[in-house]
Amino acid sequence: MNQPIYSLVIPIYNEEENISEMYRRLSHVMEKLDGEVEIILIDDGSRDRSLNMIRELHQRDRRVRYLSFARNFGHQIAVTAGLNFVQGKAAIVMDADLQDPPELIFSMIEQWQQGYQVVYAKRLSRKKESWLKRFTAYCFYRILQILANVDIPADTGDFCLMDRQVVDILNAMPERNRYIRGLRAWVGFRQTSVYFEREPRFAGEVKYTFRKSWALAIDGIISFSRIPLKLATFVGLLSSGIALLMILLVLYWRLFDPVSPLIGFTLITIAMFFMGSVQLICIGILGEYIGRIYEEVKGRPIYTLKETGGFVNKTEI
Ligand code: UDP
Ligand code: MG
């Protein structure tokens, strides 16, 4: 097979109901593309028939290559692994559940050919996703924009096209906390967006549990902002200001209004709880950062592979 131009990177975690339909839709798209394509499927430790189906696809169509993790490492790590193995001149990252319409690839490629190194897909709407998900996502992206030290575009996920140059830079980044949409923005170069309506899942349950979404959100904020750390100093200053004010108030009451009910047990208890919680929150924020430093310092591999298919030149990581 010739060197591919386009590499599709698709993470898969228990998507047995979606794989066939995804491949069917992709086949139509690939027929119309102006260059060779490779599809890199990353099995993120699926427990259903996904891996078998991926192997079958690889047997049928040699453009399909795959990696299989020894356990579930999460979506961002799966995308990272896929990017490590990309051989094309442009990588296109998309989900396996057809929420990211493969047909949008054409518009992405058009922009790439015009000289943009990153073309990310921006969601106009999220049809039929729960209001809670829509609302939390809306708030999160706005908060991230205020906090982050790079401009991470709102309402964009990982569905994007990246030029080889950008992929090489991402691959050279040693960090383990991989908030890909943030790293992608951090890299720079010429970036643009294409718009799309986020379809509902083709089949199956959402694999991003609340816990995983929460972890991703915190990763995004902590990896790209030091403002939470500064917040601790700010809250500390504020509470010492309040304490000072209270000293003055208590002095005033002692001297001029000794029967005031506010002096005494209640006030002390409230102040104690207030200070205690402020301190614990600040320690918690510190913990988030220190925990990540610890993860980085350990320097373990980001993922473990138990099987690969279709890669000849790459040694296993
Ligand atoms: N995914 C994965 N590992 C995980 C969770 C999800 O590889 O631990 C994949 C999943 O198979 C899908 C994509 O990541 O291809 C997005 O997941 P999902 O559709 O559940 O999330 P959402 O659409 O809500 O972002
Ligand atoms: Mg999805």
Side-chain angles (χ1 to χ4, degrees), residues 74 76 120 122-123 131-158 173-188 191 208-257 260-299:
Q76 301 290 299
Y120 51 83
K122 208 168 157 90
R123 298 183 277 261
W131 68 266
L132 187 67
K133 172 131 190 174
R134 289 202 308 253
F135 176 71
T136 46
Y138 181 88
C139 295
F140 167 70
Y141 284 114
R142 269 73 200 167
I143 292 173
L144 186 63
Q145 285 212 309
I146 297 169
L147 295 181
N149 52 13
V150 286
D151 187 17
I152 302 174
D155 306 324
T156 61
D158 293 320
M173 288 183 179
E175 59 196 276
R176 304 169 43 82
N177 278 298
R178 301 195 80 90
Y179 185 67
I180 294 187
R181 57 202 79 163
L183 297 176
R184 183 182 73 203
W186 179 90
V187 168
Q191 309 213 353
Y208 253 96
T209 53
F210 178 75
R211 203 167 62 96
K212 282 184 176 170
S213 300
W214 175 259
L216 182 70
I218 300 294
D219 262 349
I221 291 174
I222 304 283
S223 303
F224 288 93
S225 178
R226 286 206 300 258
I227 293 178
L229 283 175
K230 292 183 187 150
L231 210 66
T233 320
F234 175 75
V235 174
L237 285 174
L238 193 76
S239 63
S240 53
I242 293 173
L244 205 70
L245 207 73
M246 278 181 2
I247 292 171
L248 294 177
L249 268 178
V250 170
L251 270 179
Y252 172 83
W253 283 325
R254 275 261 177 268
L255 294 175
F256 303 108
D257 189 9
S260 168
L262 276 166
I263 314 179
F265 189 66
T266 326
L267 194 66
I268 293 171
T269 319
I270 292 172
M272 218 172 65
F273 273 98
F274 177 70
M275 281 318 297
S277 39
V278 166
Q279 284 172 4
L280 286 177
I281 291 169
C282 293
I283 294 173
I285 294 175
L286 275 178
E288 291 289 341
Y289 284 87
I290 295 173
R292 279 169 180 74
I293 299 172
Y294 182 49
E295 286 300 317
E296 299 290 346
V297 166
K298 278 191 286 192

Do you know which of Arg123, Arg181, Arg142 makes salt bridge (charged side-chain N to carboxylate O under 4.0 Å, His left out) with Asp155? Arg142

Approximate separation, where rounding is to 0.5 Å, of [X] [atom1] and [Y] [atom2]:
X: Leu231; Y: Leu238; atom1: CG; atom2: CG; result: 10.0 Å
X: Lys230; Y: Ser225; atom1: NZ; atom2: OG; result: 7.5 Å
X: Phe274; Y: Met246; atom1: CZ; atom2: CE; result: 8.5 Å
X: Ile222; Y: Ile227; atom1: CD1; atom2: CD1; result: 11.5 Å
X: Leu244; Y: Leu249; atom1: CG; atom2: CG; result: 10.5 Å
X: Thr136; Y: Trp214; atom1: OG1; atom2: CH2; result: 10.0 Å

Donor-acceptor contact below 3.5 Å, side chain Ser223 vs main chain Gly220: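 Here the side-chain-to-backbone pair does not exist.
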
Which heavy-atom pair separates Asp151 from Pro153 by the least distance, and what is that distance? O-CD, 3.4 Å

Quick check: closest heavy atoms across Asp158 and Ile180, and the distance to 0.1 Å?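 Result for this residue pair: OD1-CB, 3.9 Å.
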
With side chains defined as the heavy atoms from C-beta onward, is the minimum distance between [X] and [Y] less than 4.5 Å?
X: Ile152; Y: Tyr141; answer: no
X: Phe224; Y: Leu147; answer: no
X: Asn149; Y: Arg226; answer: no

Mind jotting down which residue pairs meet the salt bridge (charged side-chain N to carboxylate O under 4.0 Å, His left out) criterion with at least one end in residues 284-298? Sequence neighbours excluded, please. Arg176-Glu295, Asp219-Arg292, Glu288-Arg292, Glu295-Lys298

Can you see whether Tyr138 has Arg134 sitting over its ring - NZ or CZ less than 6.0 Å from the centre and within 45° of the normal? no

